[in-house]
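Here is how names work: the chains are called A, B, and so on, in the same order as the sequence lines, proteins then strands, and each is numbered from 1.
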Amino acid sequence: MLDLRFVRENADRVRKALADRGLEVPLEELLEKDRCRRAVLADLEEKRARHKRGSKEVGERVRRGEDPAVLRREMATLSEEIGKLEQKADALEAAVRGLLARLPNIPHESVPVGPDETYNREVRRWGQPPAFGFQPLPHWELGEQLGILDFQRGVKIAESRFTLLRGKGALLERALINFMLDLHTKEHGYTEVFPPILVNEASMFGTGQLPKLENEMYRCRDDALYLIPTAEVPVTNIHRDEILAEEDLPIYYCAYTPCFRREAGSYGRDIRGLIRQHQFNKVELVKFSHPETSFDELEKLTNNAEEVLRRLGLPYRVVVLSTGDLSFAAAKCYDLEVWLPSYGEYKEISSCSNFTDFQARRANIRFRPAGGGKAQFVHTLNGSGVAVGRTVAAILENYQREDGSVVVPEALRPYMHGLEIIEP
RNA sequence: GGAGGGGUGGCAGAGCGGACUAAUGCGGUGGUCUUGAAAACCAUUAGCCUUCGCAGGCUCGCGGGUUCGAAUCCCGCCCCCUCCGCCA
């Protein structure tokens, strides 16, 4: 959420952000409603002040033994007028808030301007896509041949887009989670947390999933709880409604959690394999940063996620999203894309974003400056470090051999009891 | 699931129809004192909204209601704690 005062005083910047993102929000209506609301408020507050003084006077007359009946009647009338004005002010405020909630974050100046993903800009590339002397297989075929991915059973147990991992496949998944957590906690300075995986509405609102993405989430029937679509939600909400000490910033958390997404509206896409599942594992990086250093923190966070792919020897590239592709709450976002031979292209495996104060304002996460003074909103960041299921797919496909076996990346072997090759 | 207790400023905690303009303590900040620090003492210290400013308004878990007037009384809801039951 943007600051209403900021919107009022920087209407041109907001207008440009909307245009750059290709969004239509009736900004003029918002500004007009806001003007109207403030006019009503001035009238309302003047009447409330009179009413307050009058009521006090009634009390004093009673104490002095005078008859307060006339004044009491006057105050009753005034009270009624106030009630009406309050309704009017509330309605205007609700309208303003509704429109304000539809305004996206302002993209950072370094973000390329363009209407869609074709304007995303590649910023760097690492590694070489493997050259196979044979016809490489997609991971879903490899996985089934090796007996480590069971798509049919996943469908039987749950429904489509759920997969059963078996044997070395389950071990590979677990090894990746442990490898990533160890890397981020031991070498990158993150504190590991394991949060609730069902969260309440306030948490979903704080990070911006509600109200917009309600259809994307699994909801409990008998409780007002949602399955998390990403660890970003519970981990960012760790400090909701808190005032942090400036010297505690930046705070780094990493968390492994399963994630659940309904994937409504993506019926035709990525239907095969592990790429788009309703349930998947992810190691997430979350930062609470001082406003002045948040864009530096974004570079570091992105590099931390990249390190996972470098250690695993997976070819990837980093893309900075254009204004048209940037998510609603983000001011800047880098996507990490891993090479997938079955797609013949790079496929998103991590998304690293700086939300500046957009989430912090919604979730009310502030810090107290060291010298005292007003609490300010922190900046929140997060990124996948990285998506585990897609990493399994990338390893199977990039490390496959002609006989259908798969070499285990060296960095992973200590986590797989020294296993070097996955074979049937 | 049953019974009881409770949600008040950064934290703890009093207040239970009209001087609440929310006591007090802790913590924070500034100062006095000190070679320096600690202690002590003095001062200061909630957020939000409207306003160029003066000033004014709102907020005591949330939402209604009673009243000229609600932190305080009534109704509904949410959350937390304790005990019992059930349970990995």
Side-chain angles (χ1 to χ4, degrees), chain A residues 1-10 30-101 194 196-206 210-211 219-226 234 237-249 251 288 357 360-378:
Chain A
M1 191 155 47
L2 294 177
D3 179 31
L4 178 58
R5 186 172 299 161
F6 173 87
V7 174
R8 197 185 294 148
E9 290 168 3
N10 301 273
L30 190 161
L31 294 170
E32 176 53 33
K33 285 249 160 66
D34 177 50
R35 264 193 295 276
C36 193
R37 170 184 145 267
R38 279 145 63 208
V40 170
L41 222 47
D43 188 16
L44 171 63
E45 286 179 8
E46 183 276 326
K47 283 194 165 69
R48 278 210 278 233
R50 265 202 286 149
H51 180 255
K52 218 170 151 178
R53 282 195 301 272
S55 292
K56 199 164 280 186
E57 177 64 20
V58 170
E60 276 167 32
R61 287 189 191 180
V62 169
R63 218 168 299 120
R64 288 200 300 262
E66 299 172 16
D67 178 11
V70 174
L71 187 56
R72 192 174 273 176
R73 265 197 301 280
E74 265 176 49
M75 287 306 110
T77 312
L78 193 52
S79 180
E80 230 172 280
E81 286 174 39
I82 287 169
K84 282 180 194 151
L85 277 175
E86 275 173 346
Q87 279 187 358
K88 204 165 159 187
D90 286 350
L92 282 165
E93 176 159 0
V96 169
R97 291 184 65 88
L99 289 166
L100 187 65
F194 190 80
I197 285 159
L198 286 168
V199 301
N200 59 30
E201 285 182 33
S203 293
M204 282 296 188
F205 179 84
L210 284 180
R219 183 183 185 156
C220 295
R221 188 183 58 196
D222 294 329
D223 299 280
L225 294 170
Y226 298 83
N237 277 283
I238 287 174
H239 294 300
R240 169 155 50 85
D241 292 322
E242 288 185 18
I243 297 177
L244 305 165
E246 183 172 25
E247 55 266 33
D248 290 342
L249 299 178
I251 296 171
F288 300 83
D357 59 0
R361 187 170 291 111
R362 289 175 80 95
N364 193 26
I365 308 169
R366 295 171 294 170
F367 71 95
R368 181 88 58 196
K374 265 186 77 154
Q376 298 177 45
F377 291 113
V378 302

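- Rounded to whole Å, atom C1' of B:G7 lies 15 Å from atom CG of A:D241.
- Listed nucleotides B:U50, B:U21, B:C58 differ in distance to A:E45; the shortest reach to its side chain belongs to B:U50.
- Looking at A:N364 and A:R240, their side chains never come closer than 4.5 Å, going by heavy atoms from C-beta outward.
- B:C52: no Watson-Crick or G-U partner with both key distances under 3.5 Å is found in any strand.
- Ion pair A:E46/A:R50 flagged as a salt bridge, since at least one NZ, NE, NH1 or NH2 atom sits closer than 4.0 Å to an Asp/Glu carboxylate oxygen.
- Not one side-chain nitrogen or oxygen of A:K47 sits closer than 4.0 Å to the OP1 or OP2 atom of B:G56.
- In this structure, the nucleotide among B:G69, B:U50, B:G56 sitting nearest to the side chain of A:A49 is B:G56.
- One P atom belongs to B:G4, the other to B:U8, and the distance between them is 22 Å to the nearest Å.
- Residue A:R361 is out of contact with every strand shown, counting any heavy-atom pair closer than 4.0 Å.
- Straight-line distance from the CZ atom of A:R5 to the P atom of B:U51: 8 Å, rounded to whole Å.
- Between A:E32 and A:R37 no salt bridge is recorded (no basic side-chain N to carboxylate O distance below 4.0 Å).
- For the C1' atom pair drawn from B:C54 and B:U50, the interatomic distance equals 13 Å after rounding to whole Å.
- Atom NZ of A:K52 and atom P of B:G18 are 15 Å apart (whole Å).
- Counting any heavy atom pair closer than 4.0 Å across all strands shown, A:R37 reaches sugar-phosphate atoms only and no base atom.
- Using a 4.0 Å cut-off between a side-chain N of Lys or Arg and a carboxylate O of Asp or Glu, A:E86 and A:R48 qualify as a salt bridge.
- B:C60 and B:A46: their C1' atoms are spaced 12 Å apart (whole Å).
- In this structure, A:R48 does not reach the B:G56 phosphate: none of its side-chain N or O atoms is under 4.0 Å from OP1 or OP2.
- Sequence order on RNA chain B of the closest nucleotides to A:L71 and A:L4 puts A:L4 first from the 5' end.
- Here B:C49 presents its P atom at 11 Å from CG of A:L41, a figure rounded to the nearest Å.
- Within the structure, a side-chain polar atom (N or O) of A:S79 is placed less than 4.0 Å from OP1 or OP2 of B:G69.
- The partner of B:C83 is B:G2, by the rule that a Watson-Crick or G-U pair needs both atom distances under 3.5 Å.
- Rounding to whole angstrom units, CZ of residue A:F367 and C1' of B:G10 are separated by 15 Å.
- If you take atom P in B:G10 and the same atom in B:G5, they sit 29 Å apart, rounded to whole Å.
- Going from the C1' atom of B:C80 to that of B:C62 covers 15 Å, rounded to whole Å.
- Computed from coordinates, the A:E46 CD to B:G56 C1' distance equals 10 Å when rounded to whole Å.
- Comparing A:H51 and A:V62 along RNA chain B, the residue whose closest nucleotide (by nearest heavy atom) sits nearer the 5' end is A:V62.
- Here the separation of B:A23 from B:U44, taken at their P atoms, is 13 Å to the nearest Å.
- The partner of B:G27, taking Watson-Crick or G-U wobble pairs whose two distances both stay under 3.5 Å, is B:U45.
- Distance, A:R50 CZ to B:G69 P: 15 Å, rounded to whole Å.
- Put simply, CD on A:E246 is 22 Å from P on B:G27, counting in whole angstrom units.
- Using P as the reference atom, B:U66 and B:C74 are 15 Å apart when rounded to the nearest Å.
- A:N10 places a side-chain N or O within donor-acceptor distance of the main-chain N or O of A:F6, the cut-off being under 3.5 Å.
- A:R35 has no side-chain polar atom (N or O) that falls below the 4.0 Å cut-off from OP1 or OP2 of B:U51.
- Using a 4.0 Å heavy-atom criterion, one finds that A:A76 contacts the sugar-phosphate atoms exclusively.
- Across all strands shown, the partner of B:A40 is B:U32, judged by Watson-Crick or G-U wobble contacts whose two distances both fall under 3.5 Å.
- Salt-bridge annotation for A:E60 and A:K56: absent, with no side-chain N of the basic residue lying under 4.0 Å from a carboxylate O of the acidic one.
- Applying the Watson-Crick and G-U wobble criteria (two distances, each under 3.5 Å), B:A19 pairs with nothing in any strand.
- As rounded to the nearest Å, B:C87 and B:A14 have C1' atoms that lie 41 Å from one another.
- Of the possible polar contacts, none joining the A:R366 side chain to the A:L244 backbone as a donor-acceptor pair under 3.5 Å is found.
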